There are 2 protein chains.
Amino acid sequence: MGQESQHGHGTASGEQVPAGRRVNAPADTGTATPTLNSIARALGVSRQTVSNVLNSPERVAEPTRSAVRGEIERVGYRPSAAARQLRTRRSRLLGFRMQDTTDGINGSILDRLLHALTARAHECGYALLVFAADGEAAEIAAYEDLRATNALDGFLLTSTNHGDRRADWLLEHDIPFVCFGRPWGRIDAATTRDHDWIDIDGRAGTDAATRLLAEDGARRIGFMGWPEGSGAGDDRFDGYVTAMEDLGHVPDLVDRVEDSFENGQGAAERLVAAGADALVCVSDSLALGAIARMRALGRHDVMDRVVGFDDTPIARAVGISSVDQPVEQAARRMVDLLIHRIEHPGASPASDPTDLLTPVVHRRRAT
Amino acid sequence: MGQESQHGHGTASGEQVPAGRRVNAPADTGTATPTLNSIARALGVSRQTVSNVLNSPERVAEPTRSAVRGEIERVGYRPSAAARQLRTRRSRLLGFRMQDTTDGINGSILDRLLHALTARAHECGYALLVFAADGEAAEIAAYEDLRATNALDGFLLTSTNHGDRRADWLLEHDIPFVCFGRPWGRIDAATTRDHDWIDIDGRAGTDAATRLLAEDGARRIGFMGWPEGSGAGDDRFDGYVTAMEDLGHVPDLVDRVEDSFENGQGAAERLVAAGADALVCVSDSLALGAIARMRALGRHDVMDRVVGFDDTPIARAVGISSVDQPVEQAARRMVDLLIHRIEHPGASPASDPTDLLTPVVHRRRAT
DNA sequence: TTGTAGGCGTTATCAA
DNA sequence: TTGATAACGCCTACAA
């Protein structure tokens, strides 16, 4: 194997430093960064063999293989993502867009998601690239740019809405992606192809919340939700309705408002005035508002019968019962789906609409 | 200029597709990805000229320049980050570690920071790579790995503590970074070199909070803080002490506990038992706990005189006065410092200890 | 002002 | 089983 003997045309390529060149040598610390070449040379094998040890170990004979591995370990070699990317057209990078405005309380679930996505991606050998973009158009522009320049392998989308054009664009351009949230608008639309997504069973969440209150003796359970038209909001409303009907109650105490603490106060007041003795809320902001107003009105009976949604830190701290979305599980599934799609192009979408993640209600008592 | 005429040794490099090769051609959509080469060829100029138009436009004559620009625009050319990175050793990527555990309420300020950092980096032509790592050792290992494989240009550190070894490691390895938080432990330590950081004047925050309460007629103002030993906590304590002394009061109503809602309840109860008629808190969790307990005890007088810290969404919603850290400003400065350091190695640290960002107190009334 | 040459570190193909 | 060769797209130095 001719240890150390430079064979062939003089020195191996990349080693002739025509004295006086020394381009951008980064503050020559004595030890140059190890590369496939340097390892190959040290061992007297070809750099292709070293590459094979990394990518198709079975094609390399045992003695060689362990020798190479030893050297790699010894010098702390790390393959260069740039070079690999240049060659393979893959970056092992996943894109995640930061919401332009975190409205705080509810936004916290997105942050939880981001944490979980990062962790899972890491386990799979991928990393997350986060970017900012205001509005749908800007977001699409960002996809285009990041895909072209940074070769992102795929994107993780959140809060998909009716008439969302991001998914269409990505489909058209054959870029892998997964959505957190069902394709509300497009489902059943024969003209559009399907795509990967995961979702949480909001309906099951409000259903469980409603039953929990019923168990506590509530009869006139009210619902505080978002205006009709948002997929998740309507879904959660359905859960309330079916649970109520199933329990033999009439789901007629309903107040649908934009999400905010203040609106929660107002809606709660109206609902109790109409006779509600308990409240199911589609968010913790609304629940928090409801509790505050109930307290102000001296309705401690109702205060103890409010259930929020998302199980935000505030709910935990203040002691509000809340529906907890299995975000970590969702993140794992999103990443796995996306990576599968990336590594097996051609495969058909793996999501099954019946396969929603089930949230769990935490029962608490306000402090 | 011989449009379209291939001059020199046959076709330009990279264009000979020895029929039957067609390696990984990604689903040949008819239009190949534009490159410097393809643009140069289309225009009959050399690829170097195109590169120059991008990187040193002044070296290219006008007619050529605009022709090139037109073509770039027309075909939607984007330089490949991988190729550029391979060549320049720079990725235009900044690293940000996700906290392993977001303890929720207070963690929200980190999320706000991340949003702001992302936005600012984007404006500067950089992107953020987020990664997960549990514990100091793992974080350092992540630096090493990301630096070696992904060529991250620098790192944005948060929550630096006493005896933090991350900064030491990064300094040793000459990797650019900035910290959110003063180098508490190492400041004045002659043995360690200095580094870039920014910080917020916590002392000014509690000072302002204390004065705000005094304006409202409070005399026996209590302080709810963290146990001695944390830089930020001690800093905030100092603000309270100096303000009180300056106002002619004695800063003797002090309770220092670990940060949590529950501890906030306990501390508040002890302090009012000792005679406090107002409370300055170093976090919104503590403030929230304080308010809850005051309400339970019927001390509405004190309830209206609680100031929190961080101005989290909950504080805004519930109506707690709170000290708002100028996070967006901090983020801008962090990114700018880091990028400066990256693009001008050798320059000395730019942070000036006297140059802290000043928070502002928002006055609110609980709902 | 523009063009030529060479190489950054990796992988794919094919020949030995 | 291993090695030689040729790109991937870009940038820097130098020559014309």
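For the numbers below, each heavy atom of this structure counts, side chains included, while hydrogens, waters and symmetry mates do not. Please read these numbers as outputs of a predicted model, since none were measured by experiment. Residue numbers start from 1 in every chain, and the chains themselves are labelled A, B, ... in the order their sequence lines are given, proteins ahead of strands.
The nearest whole Å value for the distance from the CD atom in Gln85(B) to the P atom in dG9(C) is 12 Å. Between Arg65(A) atom CZ and dT1(D) atom C1' the separation is 11 Å, expressed in whole Å. Distance CG (Leu36(A)) to C1' (dG3(D)): 14 Å, rounded to an integer number of Å. Rounded to whole Å, atom C1' of dG9(C) lies 8 Å from atom CZ of Arg89(B). As rounded to whole Å, 14 Å separates atom P of dG3(C) from atom CZ of Arg41(B). Rounded to an integer number of Å, the gap from Gln48(B) CD to dG7(C) C1' is 14 Å. A straight line from CZ of Arg90(A) to P of dC8(D) spans 18 Å, rounded to a whole angstrom. In this structure, Arg87(B) atom CZ and dC8(D) atom P are separated by 17 Å, rounded to whole Å.
In this structure, Thr64(A) reaches the dT2(D) phosphate: one of its side-chain N or O atoms is under 4.0 Å from OP1 or OP2. Between Thr88(B) and dC8(C) there is no side-chain polar atom (N or O) within less than 4.0 angstrom of OP1 or OP2. A close approach under 4.0 Å does occur between a side-chain nitrogen or oxygen of Thr49(B) and OP1 or OP2 of dG3(C). An OP1 or OP2 oxygen of dG9(D) is reached within less than 4.0 angstrom by no side-chain nitrogen or oxygen of Arg78(B). Close to dT2(C), at under 4.0 Å from its OP1 or OP2, lies no side-chain N or O of Ser46(B). For Ser80(A) and dG9(C), the shortest distance from a side-chain N or O to OP1 or OP2 is not below 4.0 Å.
You'll find the ring centres of His122(A) and Phe131(B) outside the 6.0 Å limit. Between Phe155(A) and Phe96(A), the ring centre distance reaches or exceeds 6.0 Å.
Listed by chain and residue number, nothing satisfies the salt bridge (Lys or Arg N to Asp or Glu O under 4.0 Å) test with Arg92(B) (two or more places apart in sequence, or in another chain).
The nucleotide whose nearest atom lies closest to any side-chain atom of Leu86(B) is, among dA4(D), dT10(C), dC8(C), dC8(C). Residue Arg47(A) has its side chain nearest to dA7(D) when only dA7(D), dG3(C), dA4(D) are considered.
No donor-acceptor pair under 3.5 Å is formed between the side chain of Arg90(A) and the backbone N or O of Gln85(A).
For Arg84(A) against dG9(D), a side-chain-to-base donor-acceptor contact under 3.5 Å is absent. Between the side chain of Arg59(B) and the base of dT2(C) there is no donor-acceptor pair of N/O atoms closer than 3.5 Å.
Counting any heavy atom pair closer than 4.0 Å across all strands shown, Asn55(A) reaches sugar-phosphate atoms only and no base atom.
The two residues Gly135(B) and Arg97(B) make their nearest non-hydrogen contact at N-NH2, 4.0 Å.
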